[in-house]
Every structure is written in structure tokens, then in C-alpha cells.
Amino acid sequence: MEDLENNTTVFSTLRSLNNFISQRMEGVSGLATPGSSQSSLQIQYQQRVQLEEQAGQIHSKSQLLQVEREKMQMELSHKRARIELEKAATTNARNYEREADRNQELLTRIKQYQERETEAENKLKEQMEMNKSYKKSMETMSKKLQEKESKLAEANETITILKGKISELQWNIMNQEMQMTSQDSQKQELMEQLDVQQKKWQEASQQIQTLQAGQSLLAEYEQKIKDLEQKLSQQEHDAVIVKNMKAELARFPKMERELRQLREENAYFREMKENNGLLKEEVEGLQRKLERYEKVQAQLVTVELENEKLLGKLKSWEKLDQSTGLNIRTPDDLSRQIVALQQRELVLKEQNSTITNSARMLEKARQQLQEEILRVQSQLLDEKKKREQHEALVRRLQKRVLLLTKERDGMRAILESYDSELTPSEHSPQLSRRMREAEEMVQKLHAHNTELELEVEMKVLKSQECTAEQSTVVTKEEVDTLRLKIEELEAERSKLEEENRSLEMKLEKLTVQGDYDPSRTKVLHLSMNPASLAKQQRKEEQQQLQEECERLRELVRVLEGGGAIPGNLEGVGGFQSPQEVAELKKQVESAELKNQRLKEVFQTKIQEFRKVCYTLTGYQIDITTENQYRLTSIYAEHQGDCLLFKASSSGGKMQLLETEFSRTIRELIELHLLRQDSIPAFLSALTLDLFSRQTIA
Amino acid sequence: MAKQLGRDQQGITLRGSAEIVAEFFFYGINSILYQRGIYPPETFTRVQKYGLTLLITTDPELKNYLNNVVEQMKEWLYKCSVQRLVVVISSIENNDVLERWQFDIECDRTAKDESAPREKTQKAIQDEIRSVIRQITATVTFLPLLEAACAFDLLIYTDKDLAVPEKWEESGPQFIANSEEVCLRSFTTTIHKVNSTVAYKKDSFP
């Protein structure tokens with residue numbers, strides 16, 4: 001820190017020095033410029049001196065600084081040495097402390113070891129005591145050992161005893177093993193019985209299965225019964241419905257009767273209505289008559305009034321003859337006068353009519369005359385036009401003539417000039433020739449003119465005629481034809497409309513049915529559509545069914561023929577596989593073998609049994625015919641000696657039949673069969689008898 | 001369904017109308033097959049459509065066939081070149097045509113050139129289709145019983161100049177010989193109008 005501060009002071013002093021120098025330089029420079037040359041040297045000297053002073057100051061300062069620095073360094077070194085000494089001191093102190101601690105530890109250790117020594121001595125003593133005690137215990141233990149040895153000896157004795165027992169037991173075990181073997185044999189027997197039982201059980205289970213099959217059948221039958229019951233119920237329902245329908249039907253005749261009644265009433269009412277109508281008409285007629293009569297009455301009244309008026313008039317008329325100068329007294333005279341007046345009137349009317357006719361005629365004539373006048377006027381106009389045309393033509397022609405004359409004159413002048421130039425001999429024929437040619441030309445022109453005029457006249461006349469005719473006739477014809485055409489067209493139109501309607505109806509019906517216009521539409525469907533697939537499947541099924549049918553027919557033919565089923569048909573035989581057929585054949589063979597074996601066994605058993613019976617009872621029993629048994633004794637004297645017994649249908653009672661031998665033993669028969677009614681006694685008596693005879697013989 | 005809901009706010013375009021009509025044919029044909037017993041009822045499963053419970057088939061072959069036909073119908077409806085679709089029900093044994101369900105299609109060709117969709121709500125069209133399908137179900141009451149085993153076929157009446165695609169072929173119109181026709185309701189999407197009729201063979205006994 002002090003070094004740093006020293007350095008900073010050094011740098012700051014250097015910096016201040018530099019600044020000062022620069023300032024001085026500036027002051028120097030500032031002073032230098034306006035100053036004169038003389039003063040400048042002084043100034044420069046002064047400046048130099050100043051600078052040197054400054055430099056000396058600075059040098060001294062720097063020396064100061066260096067000295068100070070050295071001082072600082074010395075101080076620092078002093079301090080460092082002090083610090084080091086202190087450190088050494090501290091370390092020495094620590095070492096001393098450590099050694100003191102070590103001493104203390106060692107002392108403590110010594111104390112501990114001393115304590116341990118004392119403890120060890122104590123333990124020694126204790127262990128010595130323990131040893132003594134152990135020795136004592138050892139003595140006691142040895143005593144116990146001896147006791148135990150004695151016990152062991154006893155135990156050995158007991159062991160020997162037990163061994164004896166063991167041998168006994170082993171012998172017992174042997175016995176028990178024997179029993180075991182016997183029991184095993186029993187067990188085997190029982191197992192066999194078990195097998196038998198199992199077989200019985202299997203049979204029972206088969207029976208159960210059959211029973212179950214039967215039960216299933218039962219269930220099916222029950223279902224059928226239920227179905228039938230349902231059908232029954234439905235039929236009952238139907239019967240009920242039928243009854244209702246019958247009830248309704250029963251009502252039907254009533255309804256018919258009612259209908260008839262109603263119709264009759266209807267007819268009656270209609271008649272009544274007609275009658276009513278008629279009556280109404282009559283009433284209306286009567287009313288009208290009434291009205292008329294009322295009108296007539298009114299008319300009567302008016303007529304009476306008129307009558308009175310007429311009477312008054314008559315009276316006035318009667319007075320007339322007095323008023324008028326005529327010779328009228330009676331109405332006849334009036335009538336005569338009237339007739340006369342009427343005749344005069346008629347005459348006058350006739351005159352009038354004639355006059356009117358004549359007037360009409362005159363009017364018609366007048367109209368015709370007017371028409372003629374009009375025609376004449378039109379003709380006049382036409383002729384005026386013609387005249388004008390002709391005048392125009394004439395003028396044109398005159399102009400032409402003038403032109404031609406002028407030409408002619410000109411030509412003549414030219415000709416004369418030419419002719420004047422030419423010789424006089426040749427003059428006149430040429431002139432005359434030219435004259436002739438000109439005259440011919442003029443004549444031709446005249447003729448042409450007249451022809452043109454004639455043509456023009458003709459054309460004008462023709463056009464006038466045509467227009468006059470067409471104006472009147474053409475219109476009527478046109479109207480008639482047009483009317484006819486219109487009627488025809490209208491008739492056609494109506495027909496066409498009807499045809500159109502009917503065709504439209506047909507078209508609609510056909511479109512609804514599915515028709516279409518082949519020029520504008522076409523019908524598409526997918527090639528693989530369900531209908532075609534169903535048809536294919538049906539065809540395939542049919543083919544398969546036909547093939548199966550043929551195969552089955554062949555099989556049937558072969559089987560009916562009785563021949564062996566050939567291998568190919570076996571395979572083709574369809575539903576049964578060859579394995580099942582082989583199995584069935586094996587089963588059949590095994591069943592046949594079993595049958596044969598059973599037969600053999602039965603035969604041997606029967607023969608044995610018969611032999612045993614023969615030896616035991618002394619009779620050989622043969623069945624001759626149905627229910628007849630022939631007994632031959634073992635001690636029979638002759639071979640043909642036999643007894644015939646017949647069994648009743650139930651097999652319980654036997655009857656003796658007559659034979660040659662039975663006649664010889666009637667006494668026995670009477671005794672045993674008839675009196676005692678015992679066949680065994682009879683038979684045994686017979687054997688005894690025969691035996692006695694034999695031994696004797 | 002999301003697309004159709006979007007369209008409901010926008011109106012009916014030609015493509016949307018073609019889709020609606022093709023969908024109607026799919027469900028309508030399935031209903032006819034179930035009602036007339038062409039396929040056993042246990043091969044059908046229920047779905048919800050047009051607010052009704054409709055039955056559609058689960059038989060994969062039949063489904064495949066119907067989907068092919070419906071896809072083709074969609075295209076042709078968009079081109080406006082189909083005039084009629086007919087479901088022909090015929091007996092397998094003797095190939096007699098017993099029933100004919102005919103759907104006439106009238107297409108407004110100006111809709112092809114228009115760009116603006118037409119104003120008709122989905123709901124109104126669905127109501128109309130619902131009434132047609134209900135009528136199809138109700139026809140069971142008067143149509144004669146189909147006793148023998150039957151199969152069906154779909155015929156499409158198109159313009160004469162239309163290119164016949166692969167797997168399709170021309171066929172006859174398969175009329176019924178002695179038929180009785182009944183007209184059913186129609187519905188329209190303002191671009192396509194579908195009229196329905198059913199024709200069935202008159203029984204020999206009155």
C-alpha cells in the first residue's frame with residue numbers, strides 16, 4: 001500500500017511536471033512570438049535557468065522519492081523479520097505445548113497400566129477360585145457319569161428285551177404281510193368285480209343314453225305336440241273368427257231383406273215423388289188457370305167497360321147517319337160502304353203497287369244508266385288517255401318525221417353536193433335511186449308505226465278487259481276456296497290434337513312402365529350383378545345335383561345286382577367314407593365271430609348239461625316234436641323203451657302219452673301218476689325198478 | 001356429415017346434389033332389399049339416417065357391388081348424363097321379372113355453368129327423402145308376396161353417347177309383361193329431381 005501510494009505520488013508528480021513543462025512551453029512559445037530578438041535570448045536564458053532549476057528540483061524530488069522508497073523497503077524488511085521471529089516464537093510455543101501434552105498423556109497411560117495390573121491380579125485370584133469350584137463340579141459330574149453308566153447298562157438290558165419284542169413284531173409283520181397278500185388277492189377279485197360292475201355301469205350308461213335319446217325324441221314329440229296345440233289354438237281362433245263370420249253371414253239375409261225393403265220403399269218413394277211431381281204440376285197448372293181466370297176476370301171487367309164504350313160508340317155510330325150526309329141507317333150500309341171503300345182501297349193499292357214497281361224499274365234503269373255513264377266516263381277517260389298517248393306518239397312521230405326530213409334534207413343536200421361534184425350523167429340515176437331508197441324507208445317506217453299503234457291499242461284493250469273481269473269474280477272464288485281450306489285445316493287440326501293426346505297418354509304409360517327412346521338413351525348394368533350370380537349358382541347346383549343323381553343311380557343298380565361294390569363306386573358312393581364302411585365290415589365280422597363262438601359254447605354247455613342230467617337222473621330227455629319230450633332210461637332193457645310226455649302250452653303240467661313201454665308199467669303209472677300225482681316219484685320208482693332188474697339180471 | 005353441415009350454410013352445389021342423390025339410392029336400395037326379403041333379414045344391420053332407423057346389408061359381396069354402382073352413379077350425376085335408375089327383381093328359376101322400382105332423374109344442366117350454390121336447406125331435402133323412404137316401406141302392404149327365391153339387378157338409363165366403363169355392359173330394359181304401376185313421391189335438390197314409381201306383375205287371379 002505504501003509502495004503503491006508512493007508510485008502514485010511519483011506518477012502524479014511526473015504528470016504534474018509534464019503539465020507544467022507543457023504550460024511553460026506554451027507560455028514560452030506565446031511569449032516567444034511577439035518578443036523581439038534581443039529579449040528573446042534573455043528570455044531563453046531565463047527559461048533555461050528555470051528549466052534547470054526545475055530539473056534540479058525534479059532530480060532532488062526523485063532522489064527523495066528513492067530514499068523514501070529505500071526507507072520503506074527497510075521498514076518492510078524489518079517488519080518481515082519481526083513477523084518471522086514471531087512465527088518462530090509461536091511455533092516454539094506450540095511445540096512446547098505439544099510436548100507438555102504428550103507428557104501428560106504418557107503419565108495417564110502409566111496410571112492406566114498400573115490399574116490394569118491390579119485388575120489382572122484380581123482376575124487371577126478369581127480364576128483360581130473358579131478353578132477350584134470347577135474341580136468340585138468335575139467330581140460331582142464324574143459321580144453322575146457313573147450313575148449314568150449304570151443306567152446305560154439297564155438300558156442295554158431293556159434293549160435286549162426290546163429286540164426280542166422286535167423279533168416278535170417282525171413275525172407279526174410277516175403274518176400281516178401274508179394277510180396283505182391275501183387281501184391283495186381279494187382286492188384283485190374285487191377289481192374284477194369292479195370291472196364287471198363298470199361294464200354293467202357302461203351298459204347302464206348306454207341304456208341311459210338310449211333313454212336320453214328317447215327323452216330327446218320325447219322332447220321333439222312334445223314340441224310337435226306344442227306346435228299341434230298351437231295350430232289347434234289357431235284353428236280355434238279361426239273357428240271363433242268363422243263363427244263371427246257366420247254370425248255376420250247370418251246377419252246377411254236380414255241385411256238382404258232390409259235391402260229389399262229399402263228398395264221397395266225407395267221405389268214407393270220414387271213413385272210417390274213422381275206422383276208428387278205430377279200433383280205439383282197439376283197444382284201449378286191449376287194455379288196458372290187460376291191466374292188466367294183472374295186475368296180473364298180482369299179482362300171481363302175491362303171488356304164490360306169496353307162494351308159500355310162500344311155501346312156508346314154504337315150509339316154515336318147510329319147517330320152518324322144523322323151527322324153524315326150518306327144514306328146510312330143500318331150497319332149493313334156501313335159495311336157496304338166500308339166494302340166499297342175497301343175495294344177502292346184495294347184498287348188504289350194495286351195502282352200503288354204498280355206505281356212502286358214502275359218506280360223500282362225506273363230506279364233500276366236509272367242505276368244501270370248511271371253505271372253505263374260511269375263506264376262510258378271510264379271509257380272516255382281511257383280514250384282520252386289513249387288519245388293523249390296517241391298524240392304523244394304523234395308528236396314523237398312528227399318529231400321523228402321532222403328529224404328524218406331534216407336528215408333527208410341534209411342527205412339530199414349532201415347528195416346534191418356530191419352530185420354537183422360528180423358528172424351530170426351519173427347524177428340523176430343516183431338521185432332517183434336514193435329517192436327510191438328513202439321512199440322505201442319511209443314506207444317501212446309508216447308500216448312499223450301502224451303496227452306499233454295497233455299493238456298498243458290491243459294491249460290497252462286487253463288490260464282493261466282483264467281488270468274488269470277479275471275484280472268481280474276473283475274475289476268470290478278466293479273467298480270460297482279460302483273458306484273450304486280453313487274448314488279442312490280445322491278438321492285436320494282437331495284430329496291431330498286428338499291423336500297427339502292419345503299418343504302422349506301412351507308415351508306416359510310406356511315411360512312409367514320403363515320404355516325409353518333408343519336414339520337418346522341406353523341401358524347399362526354391371527356384368528357381375530347379383531341376378532346373374534344367382535343364376536350361375538343355380539346352374540352349378542343343378543349340375544351337381546344331376547351328377548349326384550347319376551352316381552346314386554349307378555350305385556343302386558350295382559347294389560341291386562348284388563355285385564361287390566367296385567372301388568371307384570365306393571369312393572364315389574358319396575356321403576359314406578370308405579373308412580366307415582371298413583369299420584362297419586369289421587364290426588359285422590366280429591359280430592359274426594361272436595355269434596359262432598357263442599353257438600359253439602352253447603352247444604358244448606348243452607351237451608354237458610344233458611350228459612350230467614342223464615348221469616344224475618338216469619333219463620335222457622329228447623325233444624321229439626313241439627312240446628313232446630321222450631325219456632329213455634339209463635337202465636332200459638330195450639333200446640326202443642321210452643316214455644313220451646307232452647307239455648301243456650304254459651309248460652307247467654306234463655301229460656304222459658301212450659307208448660309200448662308205458663303199457664308194460666301200468667302199475668307204476670297207476671300208483672304214482674294217478675294216485676299220488678307225482679311224476680318225479682314215478683320216474684324214480686321206474687329207475688329203481690329197472691335198476692333192480694338189471695342188477696338181478 | 002361435417003362437409004354436409006358446412007354446405008347447409010352455403011347451399012347446394014352440383015357435386016353436393018350428386019352426393020345426396022347417390023346416398024339416397026344406396027339407402028333406398030338397401031331398404032327395398034330388406035322389405036322385399038331378397039336377402040335374409042339377419043344379414044342386415046341398423047343405422048341412423050335421415051332421422052329414421054334404416055337397415056343396410058353386412059354381406060361383403062353385396063356391399064362391394066352396391067358401392068361400385070353408387071360411386072359410378074355419383075360421377076354420372078355430376079356429369080348430368082344419367083336419366084333413370086331401375087331396381088329389377090326377378091325370380092331365379094324362370095327369370096320372370098316380378099317387380100320394377102324405377103327412379104327417374106331430371107337434371108338441371110344450367111347448374112354446371114353456375115358457380116353460386118342454390119338455396120335449399122339440407123333439412124328440407126332430408127324431410128322429402130324421409131317421406132319417400134317411408135313410402136317405400138309402406139308399399140309392402142299392397143305389393144304381392146314374392147314366394148319364389150328372387151335376385152335383383154340394377155339398370156341405369158344413360159345418354160346414348162356416354163362412354164361405357166369397364167365391367168359395365170348394355171342390357172335390355174327388362175319390362176314386366178302384365179304390370180300395374182303405382183307412382184310414389186318425388187324429391188328435389190333444386191338441381192336433381194328424382195321421381196319414384198313401382199311396377200309389379202299383376203296376379204293371374206283377381
Side-chain angles (χ1 to χ4, degrees), chain A residues 223 227 230-231 234-235 237-238 241-242 244-245 248-249 252 498-550 552-553, chain B residues 33 38-39 59 61-62 64-66 68-69 72 76 81-86 88-93 95 97 100-102 104 149-183 195 197-199:
Chain A
Q223 273 185 0
D227 292 334
Q230 278 180 2
K231 279 183 188 172
Q234 276 180 5
Q235 278 180 356
H237 284 305
D238 291 337
I241 290 163
V242 159
N244 290 332
M245 295 297 289
E248 286 185 10
L249 272 174
F252 189 65
E498 283 177 17
E499 279 184 31
N500 202 10
R501 263 179 244 152
S502 64
L503 284 169
E504 276 179 8
M505 293 280 285
K506 277 185 196 168
L507 235 187
E508 275 183 27
K509 184 143 196 243
L510 284 171
T511 49
V512 165
Q513 278 186 348
D515 199 7
Y516 62 96
D517 179 11
S519 63
R520 282 196 292 158
T521 59
K522 59 187 177 187
V523 183
L524 296 177
H525 70 161
L526 269 173
S527 319
M528 298 295 295
N529 61 61
S532 59
L533 284 171
K535 279 184 217 167
Q536 271 181 13
Q537 281 175 7
R538 193 146 275 229
K539 274 187 200 169
E540 283 168 16
E541 273 181 41
Q542 269 184 357
Q543 279 178 3
Q544 280 177 7
L545 287 168
Q546 276 180 1
E547 282 171 21
E548 274 188 39
C549 257
E550 284 174 12
L552 288 167
R553 271 180 211 153
Chain B
L33 294 175
I38 310 291
Y39 289 89
D59 182 327
E61 245 186 66
L62 179 60
N64 192 28
Y65 170 75
L66 283 177
N68 285 342
V69 173
Q72 192 58 259
W76 284 339
S81 44
V82 64
Q83 299 170 11
R84 212 178 265 182
L85 177 124
V86 180
V88 175
I89 296 176
S90 55
S91 156
I92 297 180
E93 288 175 17
N95 286 336
V97 180
R100 224 166 166 278
W101 294 78
Q102 189 163 287
D104 295 321
C150 293
F152 81 102
D153 194 4
L154 295 175
L155 306 177
I156 304 185
Y157 287 51
T158 62
D159 293 342
K160 188 91 179 163
D161 53 356
L162 185 67
V164 179
E166 245 181 71
K167 299 190 191 172
W168 288 78
E169 63 184 14
E170 285 209 32
S171 102
Q174 304 203 23
F175 296 133
I176 299 181
N178 182 21
S179 78
E180 194 75 51
E181 294 97 24
V182 176
C183 281
N195 300 313
T197 55
V198 59

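Naming: A, B, ... by sequence-line order, numbering from 1 per chain.
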Turns out that what part of A:Ser532 lies under 4.5 Å from chain B's heavy atoms comes down to neither
Okay, A:Arg520 and chain B: the region with an atom under 4.5 Å from a heavy atom over there is backbone
In this structure, CG of B:Leu85 is separated from CD1 of B:Ile156 (nearest 0.5 Å) by 5.5 Å
Under 4.5 Å to a heavy atom of chain A? For B:Asn195 that would be neither
Any donor-acceptor N or O pair under 3.5 Å, side chains B:Asp104, B:Gln83
no
Turns out that what part of B:Glu169 lies under 4.5 Å from chain A's heavy atoms comes down to both
_Any donor-acceptor pair under 3.5 Å from B:Lys160 side chain to A:Ser519 backbone_ = no
Of the listed B:Thr197, B:Leu162, B:Val86, the one with the largest count of heavy-atom pairs under 4.5 Å with chain A is B:Leu162
Taken to the nearest 0.5 Å, the spacing of B:Leu155 CG from B:Arg84 CZ works out to 11.0 Å
Greatest number of non-hydrogen atom pairs under 4.5 angstrom with chain A, of B:Ile92, B:Asn68, B:Leu62, B:Val88, falls to B:Ile92
Verify whether one side chain among A:Glu504 and A:Ser502 offers a donor that lies under 3.5 Å from an acceptor in the other.
-> no
d(A:Met528 CE, B:Glu61 CD) to nearest 0.5 Å is 7.5 Å
Under 4.5 Å to a heavy atom of chain A? For B:Ile176 that would be neither
